[in-house]
Amino acid sequence: MNIFSAPKTSTSVVARSATLLSQSQTLLHLLQLSVADYSLILTQQCHARMLSLGFAQNPLLATKLISAYATCGVPNESRLVFDSLQLKSVYLCNSLINGYAKNHVYSDALGLFQRMWFLGVAADDYTLATILKVCSEATDLDAGKLVHGRCVRTGFVFDVVVANSLMSMYCKSGEFSESLKVFDQMPHRNVSSWNVVIAGHVDTGDRYCGKQIFDFVKDMQLDGLKPDAFTVSTLLPLCSEDVEKLDYGRQLHGYAVRNKLGLGFGLDFHLGCCLIDFYSRIKRVVLGRRVFNQIETRNVYTWTAMINGYVKNGALEEGLVLFDEMQRKDRVRPSRVSLVSILPACSSVTGLNGVKQIHGYAIRREWNIDVSLSNALIDMYSKCGSLNYAIRVFEDESVSGDAISWSSMMSGYGLHGKGEEATCLYHKMLQLGNKPDTIALVGVLSACGRSGLVDEGLQIYNSAINEYGIKPTVEICACVADMLGRSGQLSQALEFIKTMPMEPGPSVWGALVSASIVHGNPEIQDLAYRFLIQLEPENPSNYISLSNLHASSKKWDTVAQVRTMMKQRGLTKTPGCSWISINGITHSFYAYDKLHPSSESIYEMLDGLLLLMKGAARSLDSEKMK
DNA sequence: CTAGGGTTAG
């Protein structure tokens, strides 16, 4: 379809020039539409019309045309337009440089910047700001320094935007101190100047200056400038570590509300995201939802932040409901991040089927080379029972895997009791020159533990600590304790725990508990439970387990003591339940539950299975004896 | 035709 009607024929000269004026304005309008819609066709139609109407050398239209082509992802077309213009204005150059920058062809952008001198076009503030952005995105610090020199010579360092761009360039190159030097020499600063410094400090600053981040915020206000939505959303990710910072987060939210930060209607997109994320991180997902509800127009970031909040806090169903609403009600298509965020919800809600659906969707959108997505898929396929699919994603050669891919696959093998494969993978990873990190180590060690590969596991543990300089964490130590405990070396496990370089956490004592149950050692079991109660006084499970332990040996006085302790602390235990989906219907059940209509045949089947398992275990034992 | 912010994986 052609959106242009045939040109009107005019009679008088006045009418003709009026038509020309309105034609160029129409074209300008349409070019703006092309940019807004990323429409290459419309851009080409405008281009053709410009040529036929004799607007080829119109500087304003040519500038727009250059950026329209660049926005549509064809900077080469932009360059052809640029070359065809006889008069090269600074606007034209800026437009093309910006077009190159948008399409990440940094060398062309820098090349044009250098050629401007030969073209006799002087760079202006826009040129410098854009080229500095190019330098930082291309991580070309040397070029950035040269531009800095140029800014000093031409006096553009005194321009607020140019100086802000300079600071930003230095921050992105990890040169926070250089950034601060520029900042200190600025005659005038605006809110953005402070925002750049604050954001830079978040990323790199700690090592370079003794100042705390919130000191900068105070100084900013002393300078007579008020933190804006940018400032607040930069600060929010810092608010989670301790109680004081947590309170800062709430204060920032209050500040944002009081000052109506954002767009005037509802909350700002970005700020809304950060707030949702903040409340999710501090496990107040309901408050996050309140923010979410206040945002009037939501985009994929807002939805994904909220979905992620639910999933991270264990509200998997809510996450899935929102994932559905996002697409059905708001017509927002999920992004790769949305998929990564929703994937963990498959584990206990949708199972393998859900993972496959997400994988299929990713393939249709050609996202199957995305590392994070692949890693999440490896993890979820393993967790949903399909080790083979996990392996297939892991071995897909079109994905260049990373450290996380290795550890996901190793834990996957571990989950499926394939310790040998996990250790094989670990050694292969090392052979390929990858260094293990704490999480990879956790993955391989837990796999060893589950498969009884104690010696192998200890060897890996020792080499990782001694040769690769990994500092043992509580999780790693829990794996070692678990490994020793499962193999029946309970006293060695206890010995190991005593010599651990850090305070043993709940995971460590938890490992010892399960080991002492398997190997029938009530003394160690009792000891471990008592440590657990000490560490997690609010967790009712530990009390119940300890109480049950003593009930089984009829030590009723101890049982009573534990129950009283629970009562005093006001704890009650909700019984855990399990469930299974059969033909789309979910059946949930408790321990010793006889409520199901088919209860009798279920237990019959269970007894049969138990017999089979015991038989299998016996034959495995006798095989070992040989 | 310019600077600054958002959601992700073991």
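Every chain is numbered from 1 and lettered A, B, ... according to where its sequence line falls, protein lines coming before strand lines.
In this structure, A:R392 does not pair ionically with A:D396, as no charged nitrogen and carboxylate oxygen lie closer than 4.0 Å.
Within the 4.0 angstrom heavy-atom criterion, base atoms lie near A:A440. As judged by a 4.0 angstrom heavy-atom cut-off over every strand, A:V196 is placed among residues touching the sugar-phosphate backbone only. Using a 4.0 Å heavy-atom cutoff across all strands shown, A:T304 reaches at least one base atom of the nucleic acid. No engagement by A:D124 is indicated, since no non-hydrogen atom pair under 4.0 Å with the nucleic acid exists. Residue A:K172 is classed as a sugar-phosphate contact, given heavy-atom separations below 4.0 Å to backbone atoms only. Residue contacts for A:K102: at a heavy-atom cut-off of 4.0 Å it reaches no nucleic acid atom on any strand shown. Residue contacts shown for A:D370 are absent, as no nucleic acid heavy atom lies under 4.0 Å away. Nucleic acid contact class of A:S408 (heavy atoms, under 4.0 Å, all strands): sugar-phosphate only.
Within the structure, the salt bridge (charged side-chain N to carboxylate O under 4.0 Å, His left out) test picks out the following pairs touching residues 329-348 of chain A (sequence neighbours left out): A:E325-A:K329, A:R336-A:D370. Under the salt bridge (charged side-chain N to carboxylate O under 4.0 Å, His left out) criterion, no residue pair touches residues 303-313 of chain A, with sequence neighbours excluded.
Note on ring orientation: taking the six-membered ring where Trp is involved, the planes of A:F214 and A:Y248 are tilted (angle from 30° to 60°).
Interface limits on DNA chain B: the 5'-most and 3'-most nucleotides within less than 4.0 Å of chain A heavy atoms are B:dC1 to B:dG10.
Of the residues listed (A:E175, A:H148, A:K181), the one engaging A:Y170 in a side-chain hydrogen bond (donor to acceptor under 3.5 Å, both in side chains) is A:H148, and it is the only one.
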Exercise. Should A:W303 and A:F292 be marked as a ring-ring contact (aromatic ring centres under 6.0 Å, His included) after you check the CA-CA gap, both sets of side-chain angles, and the distance that decides it?
Worked result: CA-CA 8 Å; A:W303 281 101; A:F292 178 81; 5.1 Å; yes

